[in-house]
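In what follows, a structure is listed as structure tokens, so that the remarks can point back to it.
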Amino acid sequence: MIRGGRTYVSSPPAFSNDAKRLLVCSGNAVSIFSTATGLPITSLNGHTALVTTVIVAPATSQASKILCYCWTASLDGTVRYWDFSVPELIKTIDIKFPIFSMVIPSILSQSAEINEKPAKLFAYLSVEATKELENQSKALRGQIRKCNLTDSRLLGGVILAETNKPEFISISACGKYFGIQIKRKIHVWRVPSADSERTMAKKITLHHTKNVTVMAFHPTQRILAAGDVTGRILIWRGYGNRTFAIGDGLLSGRSMNNEEERPGVRGGDDADSCTTWHWHPAEVNTLSFSLDGAYLYSGGKEGVLVVWQLDTGKKKFLPRIGSPLLYFTDSPDPSLSSISCADNQIHLLKMPSMEILKSISGIKLPSTFPEIYEGLCSGVAFDPNAGVVALRTENYCIQLYSLFDDREISEVQICERNHQPGDEITVVVTSVALSLDGSMMSTAEVKLAEEGIGGLVSLKFWALGSDKRNFSLSTIVYEPHRDAGISSIAFHPTRCMAVSSSYGGDFKIWVCNNGIQRRDQVPTSSRWTCHAVASYKKRPMTAATFSYDGSVLAVAAETVITLWDPEKNVLVAVIGETLTPIVSLSFVGKSEYLVSTSWESKPQLSVWSLSKLSMSWSYRLHVEAISSAADLSSFAVLVFLPESSKRDESNETTFGGRDGAILIFNAADPVPIATWLVNKAKGGSLAFLQVNQSSVEENVVDGKPLRSLLAYVNGEHEYILFDPHGKEAKELGTIRQDGVANLEEAGKFGYASIYGELPEFNPKRVQTSAVAPFVQSGKPWDTIFSGSSHNLPPLTKLCSAILESLLEKRTTVAE
């Protein structure tokens with residue numbers, strides 16, 4: 001079982017004391033990467049919810065062995081102490097409140113081996129208050145609490161502040177000051193020199209005219225920097241020189257959000273001076289002082305790292321990063337730093353030149369489009385043999401990501417764009433498709449019209465290079481279907497042939513070099529040309545796919561399915577009809593079945609028999625994705641549950657708050673083989689991947705026969721791979737005779753970050769309410785005229801059915 005796609009930029013990372021490792025909060029775990037290679041080394045697993053903080057303790061040695069310790073905090077309400085050189089969990093402290101941020105002021109002055117030191121270690125936590133707290137105002141969910149890490153307990157009654165929501169805590173490098181920003185105010189606490197349970201941190205408040213987004217403390221002096229929503233940076237010098245007092249929120253429960261607004265701005269603050277710098281065009285996301293305090297690093301939505309000289313205000317830049325900046329992290333090595341970006345990448349920088357040495361690239365988040373292009377077609381394609389997924393990204397690129405290795409392979413720039421992120425969207429990559437062997441890729445893009453002028457549709461074909469990593473552009477076709485949009489692209493399974501269908505009422509078959517070359521024969525100068533054009537009654541062609549051997553091409557003409565001979569471009573048959581336009585088609589392996597899905601007001605999942613040219617069965621389900629096993633007669637669908645089902649009290653225990661389900665069917669049987677409830681199903685994808693057992697299991701002899709793993713990529717690009725028919729599925733739950741799989745124990749196998757708990761899903765009860773199956777009756781004369789004319793059987797069968805009906809009626813009358 002393999003899981004991945006976790007975010008690496010939900011919280012700031014931390015360097016080890018020797019700067020050779022980078023500890024990154026990644027979902028429910030902490031991933032440890034080598035700073036020399038950028039590759040993962042190991043991970044700290046144990047938390048059951050998102051890890052929000054990782055703090056590296058000072059290094060210690062024991063018997064010539066360097067011991068590396070760290071503290072982590074999580075939304076699961078626990079603080080954990082680790083030896084990450086092993087790795088090994090040493091200590092767990094249950095706070096019982098979700099922890100959004102944590103700082104340990106005295107950790108720099110104390111040894112990491114806290115049990116050998118008489119002085120106690122204290123942490124300050126930003127937690128979310130729960131119903132267990134007495135006299136808790138419903139509007140105040142955030143609290144700043146104090147925790148005794150040595151004695152493993154939260155100090156009762158010690159609340160430094162109450163806020164509307166949990167806030168991020170910033171701390172100075174020396175550990176003397178920490179603070180939070182709330183709207184237009186900055187609250188700063190001074191940690192007592194002899195911190196104990198009885199000593200209380202004292203607080204001052206600084207004010208601003210705009211909402212503050214981020215703050216940073218100078219490592220050695222009383223200098224504080226803050227960025228706001230307009231892009232300005234304010235520098236307070238000499239804060240707290242006159243007054244540090246016990247804060248209003250301390251031990252009183254008074255909300256900081258309701259403090260009285262002060263007239264004027266900054267003039268009455270307890271600071272010697274305040275300086276303003278302005279370069280960023282939008283809000284500032286990150287601020288950090290250099291280790292010596294001579295420079296200030298800032299970054300924001302424009303994707304540029306700015307280095308300010310503190311004394312003079314002069315600046316230099318690292319431009320064209322291509323994504324908004326979130327965090328800047330210094331390492332103990334002055335020549336190494338890191339920046340975390342919103343596209344789920346962490347760049348390791350060589351300082352002071354700011355050269356990018358290595359990049360840790362996670363799977364990128366889904367791209368956003370204008371509303372008219374939402375759901376136009378799938379933005380995810382799979383190479384089932386290599387376990388690679390191709391995804392559309394925000395910067396007009398296609399990211400190729402290895403699901404087995406959980407890392408980026410390469411990125412293909414589909415069209416040129418400005419390097420500054422956040423620009424107005426002018427181009428939409430609407431579709432991506434990969435050939436079965438992964439050697440070819442096709443993309444479709446739409447250049448948006450400006451005031452009704454200048455719209456352009458492009459179809460591009462790409463060839464995989466000799467390095468088996470990067471794609472190069474082979475052919476570009478402008479307006480392949482006149483001015484109509486492309487609804488789908490599909491590759492022939494064995495030949496250099498592809499089909500593109502269009503909302504304009506036609507589809508085109510494309511070939512590369514006459515379509516006779518195989519994978520190892522495609523030249524680098526290959527060119528694609530149009531082989532054939534076809535249409536059906538001028539209807540929009542909404543989906544297309546090839547059969548397993550490529551002998552049949554199925555194209556959906558709105559609500560009917562047309563079957564074609566792709567070589568001769570001859571219409572073979574027409575089957576249908578569905579209630580709403582078909583959005584996807586898939587042949588079920590080598591079987592005689594074809595699956596279609598429809599959306600809009602009356603969604604439908606339909607299974608068609610090609611031997612009978614009629615519908616076998618159907619469900620009224622909104623299907624987000626569908627995938628068929630290549631060598632089996634089964635298929636899997638990702639179903640998005642309607643809001644009415646999730647709000648139904650009778651379904652509360654069944655659905656458990658989940659918004660989707662994965663169902664596996666045998667094409668000939670409408671009862672699911674297995675079912676799993678999932679979260680974030682909207683925009684998700686499914687695929688059966690062909691892999692060798694030795695590639696996913698240890699101690700397995702090479703040469704084992706191939707098997708299928710099911711890959712589920714959810715709407716936020718988290719994913720999991722497992723064998724739905726093998727040992728793993730049986731360990732997750734018992735598959736009963738009624739075809740229902742109970743996966744309630746899946747959380748301990750790592751499903752929790754994607755699914756949460758996976759309760760039982762009963763398809764029989766749903767069939768009686770939200771699902772309307774269609775199965776041919778044993779008495780065909782009862783339903784023979786109830787469907788579409790495309791479903792009528794041949795004339796010979798029609799006559800025999802009518803005669804049987806008449807004979808049955810006469811027998812009844814005679815009796």
Side-chain angles (χ1 to χ4, degrees), residues 3-14 22-33 40 42-57 68-84 86-104 107 112 114 121-133 141-150 152-155 163 165-171 178 180 326-327 329 340 344 346 362 679-680 716 718 746-757:
R3 60 186 292 268
R6 296 166 294 189
T7 176
Y8 295 143
V9 295
S10 59
S11 301
L22 183 67
L23 284 70
V24 179
C25 299
S26 56
N28 298 0
V30 175
S31 299
I32 302 177
F33 293 86
T42 186
S43 61
L44 308 178
N45 300 298
H47 286 288
T48 59
L50 181 69
V51 178
T52 55
T53 305
V54 56
I55 301 173
V56 175
C68 302
Y69 296 98
C70 70
W71 291 91
T72 60
S74 167
L75 295 182
D76 63 8
T78 64
V79 176
R80 299 178 185 242
Y81 188 51
W82 309 79
D83 180 355
F84 62 86
V86 179
E88 179 184 1
L89 175 63
I90 300 176
K91 189 176 187 179
T92 300
I93 305 173
D94 190 1
I95 305 300
K96 300 187 184 304
F97 302 121
I99 304 170
F100 284 77
S101 181
M102 177 179 72
V103 294
I104 309 176
I107 198 170
I114 61 173
L121 194 63
F122 295 93
Y124 294 88
L125 314 175
S126 175
V127 303
E128 183 178 20
T130 59
K131 297 180 180 179
E132 285 78 3
L133 291 176
R141 297 189 300 109
Q143 293 183 348
I144 305 297
R145 304 289 295 267
K146 189 175 182 180
C147 176
N148 187 330
L149 297 180
T150 305
S152 303
R153 59 188 178 87
L154 194 66
L155 301 186
T163 58
K165 61 182 180 63
E167 302 289 347
F168 179 81
I169 306 177
S170 302
I171 189 170
F178 66 91
I180 59 174
L326 299 180
Y327 309 109
T329 306
S340 303
N344 204 19
I346 299 176
N679 264 336
K680 306 173 186 177
E716 294 185 2
E718 301 166 321
K748 66 182 181 181
F749 289 91
Y751 279 73
S753 67
I754 300 180
Y755 307 119
E757 297 178 358

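Counting begins at 1 with the first residue of the sequence.
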What are the two closest heavy atoms between [X] and [Y], and how far apart are they?
X	Y	result
Thr92	Arg80	OG1-NH1, 3.8 Å
Leu125	Cys147	CD1-CB, 3.9 Å
Val79	Ile99	CG2-CD1, 3.6 Å
Gly362	Tyr8	CA-CE1, 3.6 Å
Asp83	Cys68	OD1-O, 2.9 Å
Met102	Ile55	O-CD1, 3.6 Å

Give a yes or no on whether the backbone of [Y] and the side-chain of [X] come within a donor-acceptor separation of less than 3.5 Å.
X	Y	answer
Ser74	Ala49	yes
Ser101	Ile169	yes
Lys91	Thr150	yes

Can Phe122 and Asn148 be said to form a side chain to side chain contact (heavy atoms under 4.5 Å, CB included), step by step?
CA-CA 5 Å; Phe122 295 93; Asn148 187 330; 3.8 Å; yes
Which class fits the ring pair His47 and Trp82: parallel under 30°, tilted 30 to 60°, perpendicular over 60°?
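Tilted, since the angle between the ring planes falls between 30° and 60°.
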At what distance, to the nearest 0.5 angstrom, does [atom1] of [X] lie from [atom2] of [Y]?
X	Y	atom1	atom2	answer
Leu149	Ile104	CG	CD1	5.0 Å
Asn28	Asn45	CG	CG	9.0 Å
Leu121	Trp71	CG	CH2	6.0 Å
Asn344	Thr7	CG	OG1	4.5 Å
Ser26	Leu50	OG	CG	9.5 Å
Phe100	Ser11	CZ	OG	10.5 Å

Derivation and outcome, side chain to side chain contact (heavy atoms under 4.5 Å, CB included), residues Phe33 and Ile346:
CA-CA 11 Å; Phe33 293 86; Ile346 299 176; over 6 Å; no
Step by step, work out the side chain to side chain contact (heavy atoms under 4.5 Å, CB included) result for Lys165 and Thr163.
CA-CA 5 Å; Lys165 61 182 180 63; Thr163 58; 5.6 Å; no
Would you call Gln143 and Phe97 a side-chain contact if the rule is heavy atoms closer than 4.5 Å?
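Counting from C-beta outward, Gln143 and Phe97 never come under 4.5 Å.
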Under 4.5 Å between any side-chain heavy atoms of Ser126 and Thr52, yes or no?
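Answer no - side chains too far apart.
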Apply the test side chain to side chain contact (heavy atoms under 4.5 Å, CB included) to residues Val30 and Phe84: give CA-CA distance (whole Å), side-chain angles for both, the deciding distance (0.1 Å), then the verdict.
CA-CA 10 Å; Val30 175; Phe84 62 86; over 6 Å; no
